[in-house]
Amino acid sequence: MALLEVEEIRTHYGAIEALKGISLTVEEGEVVTLIGSNGAGKSTTLRSISGLTPASAGKISFGGEDITRVPAHHIVEYGIALAPEGRHCFPRMTVRENLDLGAHHRRGPEIAEDLEKVYELFPRLRERERQKAGTMSGGEQQMLAIGRALMARPRLLMLDEPSMGIAPILVQRIYQTIGEINRSGVAILLVEQNANYALDAARRGYVLETGRVVLANDSAALRNDPEVQRAYLGT
Ligand code: ATP
């Protein structure tokens, strides 16, 4: 049984059907990517898993439990954390306060351990602990969004476009850290428009087009697929 199993979900924004029957799995400890153009449904897939935009049909299971109708404010208790696109840090709160929010549902001494781990992964955040999040660069806010998600101690971390709007040097740093997070045992579902980064980081991937999965394979095979190369790798 996979850690995450998404079966034939359909998701709507009013009358618009954004997901037209998406199925995918993520195994324990795996990195899996969703690639596709603007509007393909990548973010909506993550939003449906996290309960922000619930699926209207189909089923989502996590660790064997049906989570299809679990609301967003409870999903984190199941072990799923989302670092959303556009980062969504609280700009007037400090770095430390933003991180503390990631652990708001937890109690106990492990929270301090996790804070230390986040600071080890992203030393920049420790340096900026008392700084207001809104005054940091885009890359630093991206680190903060990932750090905040990790403060939930998730079994599955979902990342929506971690490279978006960030200088290449910081993107590299963020991707190194994604590797470290995964090696510590956290499964990762990664949404990227930059298929190069995504296929380097992931073991397997799904290609989405207009709300459907059109290809699913391991990363090496996707890299060699002429259609993927033409549409998403710019080769
Ligand atoms: P992007 O990289 O642009 O975010 P995506 O693959 O993540 O692309 P989604 O954001 O999931 O795509 O969008 C899927 C479809 O749902 C698109 O047709 C989009 O226009 C539509 N959509 C997304 N959000 C909304 C919304 N809040 N209201 C109405 N339609 C929406």
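Ligands are counted one by one from 1 in listed order, and the atoms in each one are counted from 1 as well. Computed from a prediction, not measured in an experiment: that's the story for all the values here.
- In summary, Lys59 and Glu8 do not engage in a salt bridge, as defined by a charged side-chain N under 4.0 Å from a carboxylate O.
- Assignment of Gly14 to the shell around ligand 1 is not supported, since no heavy atom sits closer than 4.0 Å.
- Residues Arg47 and Asp160 are not paired through a salt bridge, judged by the lack of any N-O separation under 4.0 Å between the basic side chain and the carboxylate.
- Counting all heavy atoms, side chain and backbone alike, Ala81 lies closest to Ala152 at CB-CB, 4.3 Å.
- Residues that satisfy the side chain to side chain donor-acceptor pair (under 3.5 Å) test with Ser184, not counting sequence neighbours, are absent from this structure.
- Nearest protein heavy-atom neighbour of atom 16 (O) of ligand 1: Ala18 CB, 3.4 Å.
- Listed by first and then second residue, the ring-ring contact (aromatic ring centres under 6.0 Å, His included) pairs that reach into residues 180-229 are Tyr175-Tyr197, sequence neighbours excluded.
- Listed by atom number, the atoms of ligand 1 under 4.0 Å from Ser43 heavy atoms are 4 (O), 5 (P), 7 (O), 10 (O), 11 (O).
- Contacts of Glu161 with ligand 1, taken as heavy-atom pairs under 4.0 Å, involve the side chain alone.
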Audit row: Glu17, Lys20, salt bridge (charged side-chain N to carboxylate O under 4.0 Å, His left out) steps and yes/no: CA-CA 6 Å; Glu17 190 176 48; Lys20 305 182 171 95; 5.6 Å; no
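- Distance check for atom 20 (O) of ligand 1: every protein heavy atom is found at 4.0 Å or beyond.
- For Glu28 and Arg155, the salt-bridge test passes: some basic side-chain N is under 4.0 Å from an acidic carboxylate O.
- The protein reaches atom 14 (C) of ligand 1 closely, with a heavy atom under 4.0 angstrom from it.
- Leu159 is not connected to Leu52 by any chain of hydrophobic side-chain contacts under 4.5 Å among Ile, Leu, Val, Met, Phe, Trp and Tyr, and they are in different clusters.
- Residue contact annotation: Gly41 has a non-hydrogen atom under 4.0 Å from ligand 1.
- Among Ser48, Gly39, Gly36, the residue whose heavy atom lies closest to atom 17 (C) of ligand 1 is Gly39.
- Taking the charged nitrogens against the carboxylate oxygens, Glu129 and Arg126 have no contact shorter than 4.0 Å, which rules out a salt bridge.
- Looking at ligand 1, you won't find any N or O of Ile16 less than 3.5 Å from one of its N or O atoms.
- The single protein non-hydrogen atom nearest to atom 2 (O) of ligand 1 is Gln193 NE2, 3.1 Å, given as residue, atom name and distance.
- The contact set between ligand 1 and Ser37, taken as ligand atoms under 4.0 Å from a residue heavy atom, comprises 6 (O).
- In terms of protein heavy atoms, atom 31 (C) of ligand 1 is closest to Tyr13 CD1, 3.3 Å.
- Of the candidates Val191, Leu19, Thr44, Leu46, it is Thr44 that places a heavy atom closest to atom 11 (O) of ligand 1.
- Residue Asn38 places at least one N or O, backbone or side chain, under 3.5 Å from an N or O of ligand 1.
- The protein heavy atom nearest to atom 5 (P) of ligand 1 is Lys42 N, 3.5 Å.
- Taking all atoms of both residues into account, the shortest heavy-atom contact from Ser50 to Ile75 is O-CG2, 3.5 Å.
- Of the N or O atoms in Ala40, one or more lie within a sub-3.5 Å distance of an N or O in ligand 1.
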